[in-house]
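First listed ligand is number 1; within each ligand, the first listed atom is number 1.
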Amino acid sequence: MNVAVIGTGYVGLVTGACLAEMGHVVTCVDKDADKVKRLSRGEPTIFETGLESCLSAGLSQGRLSFTTDTASAVAAADLVFIAVGTPPGPDGHADLSQVITAAREIAGALRGFTVVVTKSTVPVGTGDSIEALIRASRPDADVAVASNPEFLREGAALSDCRRPDRIVLGAEDARAHALLKDLYDPLIRGGAPVLFTSRRSAELIKYAANGFLAVKIAFINEIADLCQALGADIDAVATGVGMDGRIGPGCLRPGPGYGGSCFPKDTLALAHSAEAAGRPLKVVRAAMQANAARKSALAKRVAAELGGLQDRVVALLGLTFKAHTDDLRDSPALDLARALVDAHAVVRAHDPQGMDQAAIMAPELEMCADPHAAAWGADALVIVTEWPQFADLDLGRLKRAMRGATIIDLRNLLDPAAARAHGFTYVDLGRGGRESRTCDASPARAEGQGGALP
Ligand code: UDX
C-alpha cells in the first residue's frame, strides 16, 4: 500500500518508519528541508531506541522516503496520515492550525480513492471539520476521513508501534475501515486487537485514555505521600493495588509528577473541550491540579531537607521528563531546577540525553559530564529522572564527592538501606515504612548485609 505521512515529528516519524517496516511504501513529508535532508540520510532527528536501524532499513529497502513536496506524496497515496503538532492554545484548547493547513494541502492533491487519517491527537469533531473542508474545496474527490490515534510512549515508541495494546480505527465509511484494517494486517495477524469505532469515538478514546492515565499517576503520587505519613510502603501498596485486574499495574509508579508532550497538553485540551460541551470533567481537573501542585512543591521538599536553599549546591540527576528520551517538554526536572535557581541555590545537573537542549533552555544550570561530577561539592543529590544508570551509582564515591550527605530520590531508584549504610540521609517517595519493617524483621538487612523482604 502507498502511504503518505504529513509531519515528521515524534509520531509521524515513528509511524512512517514502522509502516515501512510492515512492508508499505511510505513517503514522509515535512516543510523543514534540512530535516528532510537529514532523515533521507538515515539520521534520526529525535532520540528513540531502535529508530536509527528502522530508518536505515526502510531507506535501504526503498520503502521509506522523505520529501518537502506534499502534492506528489498525497497524489500517489492510498492513505494519508496527518501527524502534525496540536500544541495548546492560550486558553488550553488544542491549536489545530497545523492540522487545517495540512488538510487544505492534502485536498488540493488528492487523486483516486484516498483515506485521510488523523494520527495527531485532535478534539472530537476535528475529523468532521477536515472532511467538510476537503469536500468544500474538492467536491469531486473520492475521499474518506478516519481517526487512528497513536498510543506511543516516548522511549518505547517502536515497540508500542510493533506490538500495540490495541489498534483503534474510527471511521464513518466502511471502505476506510477496510483499508485501515488491511494496512495493519501484519500487526493484526501478529495478535494486535482491533477496535472499529465511529470517528468521534476514536478521537475521544485517545483523550480519555491519556486523561485516565494522568489520573492514575496523580492518584498514586498522593498515595505515596500518604504511605510516607503512615509508615506504609508504596511499592507494596502499588503492587497490591495493581494486581486487581480491574486496575492493572501500569502508571502506578510514584514520581515528581507527570510531564512530557502528551499528558499535560491532552488533559488540558480534554478538560477544555468537556467544559465547552457543558460536561466538566472534575476528576481530570483534580488530577491536573494535584500534578501542578506536586511539581511546584518539589523545590520546597528540597528546601525542607536542606534547611533552606540560599547558596546550597544541589546535584540534579535527570533533566528529561522521563528516561530513554531526550525530550524536555513539561519536564518536572526542569521546573525544579529553575525553582531551585530562583531560590538562589546552585544547580549542577547531569542527564544522559537532555543536556544539550537543557543548556539552551536553562543556561543558568551548570551541566556536568556525569553524576559524580554533578555531585562534586553538593549539599544534596536529587534524582528526578529514572535513568537506569542512576540506580547503579557508586554511593561511596558520591559520598566522598559531596560536601553534604542528603539524597532525595524522587523516583525511588536507590535501595534505601544501601544509601543509609553509606551514611546518607535518604529521602524517597513513600518507602519510609520499608526500612523499619526490614530492620525489625531481618537482622541481615539491619547489619547492612542485604537480605530478602519478610
Ligand atoms: C504518553 C502515553 O503513555 C502514550 O500512550 C501517549 O500516546 C503519549 O503520552 P509519554 O508521554 O511518552 O506517553 O510517556 P509515559 O511513559 O506515559 O509517561 C508520561 C509521564 O508520566 C512521564 O512524566 C512519566 O515520568 C510519568 N509517569 C508515568 C509516572 O510518573 N508514573 C508512572 O507510573 C508512569
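When heavy-atom distances to ligand 1 are checked against 4.0 Å, the residues falling inside are Glu150, Phe151, Leu152, Arg153, Glu154, Lys206, Asn210, Ile217, Cys251, Leu252, Arg253, Tyr258, Gly259, Cys262, Phe263, Phe321, Lys322, Arg411, ordered by chain and number.
Residue pairs satisfying the side-chain hydrogen bond (donor to acceptor under 3.5 Å, both in side chains) criterion with at least one member in residues 18-30, sequence neighbours excluded, are listed as follows: Thr8-Asp30, Glu21-Arg162. Sorted by first and then second residue, the ring pair (Phe, Tyr, Trp, His ring centres under 6.0 Å) pairs with a member in residues 200-256 form an empty list; sequence neighbours excluded. Pairs engaging residues 193-202 under the salt bridge (charged side-chain N to carboxylate O under 4.0 Å, His left out) rule: Asp128-Arg199, Asp128-Arg200, Glu131-Arg199 [sequence neighbours left out].
The only option from Leu395, Thr425, Val427, Asp428 that meets the side chain to side chain contact (heavy atoms under 4.5 Å, CB included) definition with Ile407 turns out to be Leu395.
For the pair Arg411 and Phe390, the NZ or CZ position fails the cation-pi test of under 6.0 Å to the six-membered ring centre and within 45 degrees of the ring normal.
Residues Lys206 and Thr121 have side chains that bring a donor and an acceptor to within less than 3.5 angstrom of each other.
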